[in-house]
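As structure tokens, the structure follows; a few thoughts come after it.
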There are 2 protein chains.
Amino acid sequence: MVGARATGSDTGTDESAPGIPSAGDTRVTDLIRDAIVRGEFAPNQRLIEADLSSAFAASRATVRTALLELAGEGLVERLPNKGSRVRAISLKEAIEILEVRIGIEGLCAAKVAEHLRAEDAAEFEWMRAQMIETVAEGDLVEYSLLNRLLDVRVRELSDHVTAAGILARLHAQSVRHQFKLSARPARAKVSVLEHVAIIDAILARDPVAAEQAVRTHLLSVIGALRDLTS
Amino acid sequence: MVGARATGSDTGTDESAPGIPSAGDTRVTDLIRDAIVRGEFAPNQRLIEADLSSAFAASRATVRTALLELAGEGLVERLPNKGSRVRAISLKEAIEILEVRIGIEGLCAAKVAEHLRAEDAAEFEWMRAQMIETVAEGDLVEYSLLNRLLDVRVRELSDHVTAAGILARLHAQSVRHQFKLSARPARAKVSVLEHVAIIDAILARDPVAAEQAVRTHLLSVIGALRDLTS
DNA sequence: GGAGACGAGATTGTCAACGATTTTGGATGG
DNA sequence: CCATCCAAAATCGTTGACAATCTCGTCTCC
């Protein structure tokens with residue numbers, strides 16, 4: 001009985017309905033994290049250990065461990081002696097996250113441009129073509145996936161575990177705010193040009209240009225986010 | 001479950017209850033973190049829950065909670081079913097941390113330069129004078145403290161909680177590598193010039209120059225770290 | 001003599017119950 | 001009618017014990 005009293009869809013009676021294998025071998029941490037990222041738990045919603053315990057058919061100690069880990073990832077807020085709740089990311093914080101990403105993703109992009117190998121270049125060329133095509137067709141969902149794929153590949157190829165870890169955490173926190181932007185066709189037309197610029201700089205093996213292209217893109221996202229919510 | 005605790009009028013209940021974590025109010029998490037940062041626990045040393053439990057006079061669950069939190073901060077590595085150990089920061093990772101700091105501290109410095117207030121400017125001028133003086137006198141310990149103070153103040157004044165949190169975590173992880181550099185007089189003479197450049201840029205309210213000065217400084221640190229360990 | 005099976009010891013993961021703390025609702029007095 | 005205080009509920013933090021898992025020494029067999 002998870003009290004969904006905050007904003008969001010009424011979870012109704014069946015909590016573990018779709019796609020989730022009911023509390024089997026999968027770790028409880030992953031289940032709760034997915035539930036938060038997918039929006040099944042609203043921001044600021046209290047996460048009561050006993051309720052999660054029965055909802056996921058796990059012991060309260062297991063749930064407690066999961067909440068500790070998620071707090072370490074910044075997804076859950078733990079108030080001493082008052083319980084845990086889904087951490088709400090304010091607009092200010094969402095912009096802060098984007099500002100931090102300028103530095104870190106810029107670093108990653110520069111590293112990729114510096115050490116780009118031939119077989120990886122082909123993949124970037126493919127992504128560039130696909131992005132242009134999907135936006136031209138208006139397939140925003142597919143474009144969003146390509147967008148994410150570019151981020152992930154740059155992160156991987158940068159061979160920078162520290163940056164990759166930070167970016168993964170920041171992404172999980174801000175996935176909801178990003179979602180608000182990804183559904184806007186006008187936004188995509190601007191975004192694709194910036195992404196092409198990033199890929200071009202990487203393919204040109206120009207670290208400085210790559211870093212600058214990432215900065216330009218993320219500043220554009222910040223501006224769009226500000227416009228959207230003002 | 002009758003609460004025999006009278007609010008306000010506390011008659012007879014003894015202050016020092018037995019059995020309660022008599023180690024004091026200090027959180028076990030802080031104790032273990034300090035022990036790791038201060039080097040009392042060597043890198044890769046196994047942290048056995050039962051041992052820590054008796055060492056800090058806390059229950060195993062409390063120690064477990066602490067280890068979870070520290071794992072979230074990146075100070076402890078948790079291998080499933082194999083236990084926890086102090087995470088060792090390799091040279092490669094120390095350099096990675098410095099590279100990430102370029103982006104984030106550059107962002108913070110730019111923000112400080114942009115919104116600098118008069119009363120804060122005075123403090124930066126004081127720090128600049130103190131830094132020059134301590135290095136001239138060869139007081140490396142005091143200079144190291146000033147160095148750290150500058151970092152902390154920039155972080156605070158930037159009013160950027162996301163960046164501040166990441167920097168705090170990275171600092172805790174790399175404090176040992178930083179320590180190796182701070183004890184070198186020749187290094188201090190170079191470092192102080194770079195720090196003065198950062199402060200000058202902030203006082204000049206020049207965000208771009210501040211960011212660039214931070215980058216120059218941290219690249220210099222990276223170079224020194226590479227030279228030291230090659 | 002060496003490789004693999006096997007069992008004892010050690011360590012973590014999980015569970016149910018207890019104690020402490022905060023919050024909430026209601027009674028009481030001004 | 002409102003502020004205050006107090007009891008009761010709700011929830012978290014902690015404890016001790018038990019089960020699952022891993023490590024390592026030893027033993028047997030080829």
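Every chain is numbered from 1, with letters handed out A, B, ... down the list of sequences. Computed from a predicted model, the values in this text were never measured in an experiment.
The salt bridge (Lys or Arg N to Asp or Glu O under 4.0 Å) analysis of residues 167-179 of chain A, with sequence neighbours excluded, yields no pairs. Applying the side-chain hydrogen bond (donor to acceptor under 3.5 Å, both in side chains) test to pairs two or more places apart or on separate chains, those with a residue in residues 74-83 of chain A are A:E77-A:R85. Note on residues 156-167 of chain A: pairs passing salt bridge (Lys or Arg N to Asp or Glu O under 4.0 Å), not counting sequence neighbours, are A:R153-A:E156. For residues 64-74 of chain A, the pairs satisfying side-chain hydrogen bond (donor to acceptor under 3.5 Å, both in side chains) are A:T29-A:E69, A:R33-A:E73, A:E49-A:R64, with sequence neighbours left out.
Protein atom CZ of A:F56 is 15 Å distant from nucleotide atom P of C:dC15, rounded to whole Å. In this entry the distance linking CG of B:N81 with C1' of D:dT21 reads 5 Å, nearest Å. To the nearest angstrom, P of C:dT22 lies 13 Å from CZ of A:R46. The nearest whole Å value for the distance from the CG atom in B:L79 to the C1' atom in D:dT23 is 14 Å.
For residues 59-78 of chain A, proximity to DNA chain C is found at A:S59, A:R60, A:A61, A:T62, defined as any non-hydrogen atom under 4.0 angstrom from a strand atom. Sorted by residue number, the list of members of residues 48-55 of chain B with any non-hydrogen atom under 4.0 Å from DNA chain D is empty.
Partners of A:A121 according to the side chain to side chain contact (heavy atoms under 4.5 Å, CB included) rule, which considers only residues two or more places apart in sequence or in another chain, are A:L116, A:L203. When the side chain to side chain contact (heavy atoms under 4.5 Å, CB included) test is applied to B:A50, the partners found at least two apart in sequence or on another chain are B:I48. Every side chain to side chain contact (heavy atoms under 4.5 Å, CB included) that A:D34 has, sequence neighbours left out, goes to A:R38.
Side-chain N/O atoms of A:S54 and A:R60 include no donor and acceptor closer than 3.5 Å.
A close approach under 4.0 Å does occur between a side-chain nitrogen or oxygen of A:K82 and OP1 or OP2 of C:dT23.
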